[in-house]
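First comes the structure, then the notes that go with it.
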Amino acid sequence: MAALSPHVALENAFERSLSALWIAFQPIVTAEGGRVFGHEAFVRSEQGALMPAPLIEAAEQLDRLHDLGRATRSRIADALIAQSPFDHAVFVNLHPHDLLDDDLFNRSAPLSLYAPRIVLEVTERTSLAEVPDIQQRIATLRAMGFRLAIDDLGAGFAGLASFTALEPDIAKLDMSLVRHIDRSTSQRRFVNGLTKMCHELGMLVVAEGIETEPERDVLVDLGCDLLQGYRFARPSRDFSVPTW
Ligand code: G
Ligand code: MN
């Protein structure tokens, strides 16, 4: 029997992963009091199927990003139905290409019904400059009730240009700025400046990837509004309750 071409093998693996897709939720807590503000949704797939990073890369290679985005948003909506009457915010990661998918703008799409609770996280994994009419698209999403966040702020690819393109409601500091911040004066100064700038622009600031108590305490002192990371809870199948 002839071996499958690499393309067909990748397509098969992608299909298997898509059908085994599930969503993990990680709480985001308030810096004041450690109450649950919301949860971030992460795509997961069963063992043997493609895991998140290869899954996104496969979708990019196969030109199937819209299928992945639609499946993800529909699974998140399923979880919200199952968790009703839970009514906290849910943070949803978008690939910049999702901004080109009509389904995202469809008011009867499963997730659109929850728009006022949804924060769409955008990262410059590929440049937002490639999205035509970006400002118009963002305005439409806002009109539908969605809020917007810029993800991975301070990482290589999350440029400050996104601030003008997105005018986000929420900024998420990349975890590279968070890691060991208690041990680095320059890191503290940088985060201090970024946080002040975000506040001046009217945004809430989330520090993500917090793993230790000293990291948490420094970020609270620097004025971050919301906190997320293994210190509080790992992503899990249900909307888990964090520890402070
Ligand atoms: O790109 P984005 O910021 O959406 O992805 C965050 C990733 O980091 C997820 O895969 C999530 O599971 C992971 N994550 C969440 N909290 C922590 C943490 O405290 N430490 C580390 N190392 N990873 C985390
Ligand atoms: Mn994210």
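Whatever order the structure lists them in is the order used to number ligands and atoms, beginning at 1.
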>> What count do you get for protein N, O or S atoms closer to the Mn ion (ligand 2) than 2.8 Å?
In response: 4

> Do you know the tightest heavy-atom contact between F146 and S112?
Replying inline: CZ-CA, 4.0 Å

>> Using every non-hydrogen atom in the two residues, find where E215 and H180 come nearest and quote the distance to one decimal.
In response: OE2-N, 2.8 Å

> Which heavy atom of M203 sits nearest a heavy atom of D225, and at what distance?
Replying inline: O-OD2, 4.3 Å

>> Distance to the ring centre below 6.0 angstrom and angle to the axis at most 45 degrees; does that hold for R75 and W22?
In response: no

>> If I compare all heavy atoms of A207 with all of L173, which pair ends up nearest, and what's the gap?
In response: CA-CB, 4.5 Å

> How close do A143 and R107 get, heavy atom to heavy atom, and via which atoms?
Replying inline: O-NH1, 4.3 Å

>> Students should find this: residues with any non-hydrogen atom under 4.0 Å from ligand 1. What is the answer?
In response: Q26, E40, F42, R44, N93, D151, D152, M175, R179, E208, G209, I210, E211, G229, Y230, P235

> Considering only heavy atoms from C-beta outward, does the side chain of R73 approach that of P110 to under 4.5 Å?
Replying inline: no

>> For Q26, run the side-chain contact (heavy atoms from CB on, under 4.5 Å) check against S240, P242, S236, P235 and tell me which one passes.
In response: P235

>> Restricting to non-hydrogen atoms, name the atom on G154 and the atom on L177 that form the minimum distance, rounded to 0.1 Å.
In response: CA-CD1, 4.0 Å

